[in-house]
Number of protein chains: 2
Amino acid sequence: MTEEDRKIRIRDVTDVLELIGGRWRGPILAYLCESPRRFSELKDTLEGITPRILIKELRYLEMNKMVYSEKSTISGNSVVYGLTEHGESIESVIVAIHAWAKEHRMKVFTDQ
Amino acid sequence: MTEEDRKIRIRDVTDVLELIGGRWRGPILAYLCESPRRFSELKDTLEGITPRILIKELRYLEMNKMVYSEKSTISGNSVVYGLTEHGESIESVIVAIHAWAKEHRMKVFTDQ
DNA sequence: CAGGATCCATATGGATACTG
DNA sequence: CAGTATCCATATGGATCCTG
């Protein structure tokens, strides 16, 4: 691997982790992998998140084309958030994270 | 999926992203996937990192059993950092990140 | 229900200089 | 070369209350 390749790879990791990292972005994406959800569902399932943070992160993810939002056609003033086609592709990373966690969480997170 | 399963999955994502997230932990692990490196190699390749941050993150990763350190047997006072067996397993996640980045970085990171 | 407004604590990380 | 020591800016995120 050339020095140049190495830097690109490191840059990639930096960028992706910026996109899905932080306290809530990964969890939001992981939850939305299952199906689109309303604001309040997100708020209730992502235990501990406040509306301010939630809307901020959703907007960030929208800006980065990972998430879309639309007013629910069913209920009056509810809004539904879901993964864009683009956002769905991140599931490959989420799956890898789940797999790793399942295999290793005991070893790392418990015996400290 | 039960509500309980969902929360476990979300928790997993939270935990793993805490472990490999942040500004430098992912990049450090990605770089060490290739081979063990000396402190100064890490410092030079991870452009922009300062020694204080580097040692702090290395210690964090050591505490979490992802990284080991040992005094180089070759050169006098150099120290070598590498992935533990455990740390190596995270390569599966790094690989997924690389793959995703290669496929999607243009779409997400450029047209903003 | 969806989201905005304010206020605030602290963690994160950067700059710089120094030491064994 | 491998770290330490200080100092400091700001981003991050939490708490609480409010509104269309």
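Letters go in sequence order (proteins before strands), and every chain restarts at 1.
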- Message: Is it the case that the side chains of Glu62(A) and Ser69(A) hold a donor-acceptor pair, with the cut-off being a distance below 3.5 Å and no angle test?
- Response: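 A donor-acceptor contact under 3.5 Å links the two side chains.
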I need the [atom1]-[atom2] distance between [X] and [N], as an integer number of Å.
X: Arg38(A); N: dG3(C); atom1: CZ; atom2: C1'; result: 15 Å
X: Leu42(A); N: dG3(C); atom1: CG; atom2: P; result: 10 Å
X: Ile55(B); N: dT16(C); atom1: CD1; atom2: P; result: 21 Å
X: Lys43(B); N: dA2(D); atom1: NZ; atom2: P; result: 8 Å
X: Tyr60(B); N: dG13(C); atom1: OH; atom2: P; result: 11 Å
X: Arg37(B); N: dC1(D); atom1: CZ; atom2: C1'; result: 16 Å
X: Phe39(A); N: dG3(C); atom1: CZ; atom2: P; result: 6 Å
X: Ile53(A); N: dA15(D); atom1: CD1; atom2: C1'; result: 10 Å

- How close do Val13(B) and Ile94(A) get, heavy atom to heavy atom, and via which atoms?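 Reported closest heavy-atom pair: CG2-CG2, 4.3 Å.
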Is [X] touching bases, backbone alone, or none of the nucleic acid, heavy atoms closer than 4.0 Å?
X: Arg25(B); answer: nothing
X: Glu57(B); answer: sugar-phosphate
X: Tyr81(A); answer: sugar-phosphate

- Message: If we check side chain to side chain donor-acceptor pair (under 3.5 Å) with Glu57(A), which of these qualifies: Arg23(A), Arg52(A), Arg25(A)?
- Response: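 Exactly one option meets the side chain to side chain donor-acceptor pair (under 3.5 Å) with Glu57(A), and it is Arg25(A).
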- Message: Heavy-atom nearest nucleotide on DNA chain D for Thr50(A) versus Ser40(B): which residue maps closer to 5'?
- Response: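 The residue mapped nearer the 5' terminus is Ser40(B).
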- When you check the gap from the basic side-chain N to the acidic O, do Lys7(B) and Glu4(B) get nearer than 4.0 Å?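 No, no charged N to carboxylate O under 4.0 Å.
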- With no angle test and no hydrogens, is the base of dG3(C) tied to the side chain of Arg52(A) by a donor-acceptor pair under 3.5 Å?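 Flag unset: no donor-acceptor pair detected.
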- Task: Verify the contact: side-chain N or O of Arg59(A) to OP1 or OP2 of dG4(C), cut-off strictly under 4.0 Å; return yes or no.
- Result: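 So the side-chain polar atoms of Arg59(A) do come within 4.0 Å of the phosphate oxygens OP1 or OP2 of dG4(C), strictly under.
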- Phosphate-side-chain proximity, Trp24(A) and dT12(D), N/O vs OP1/OP2 below 4.0 Å: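 Result: no.
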- Query: Taking the side chain of Pro51(A) as heavy atoms from C-beta outward, which of dA17(C), dG3(C), dA2(D) is closest to it?
  - Reply: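 Within the option list, the nearest is dG3(C).
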- Counting heavy atoms not belonging to Glu3(A), are there more than 12 under 6.0 Å from its CD?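 Buried by this count: over 12 neighbours within 6.0 Å.
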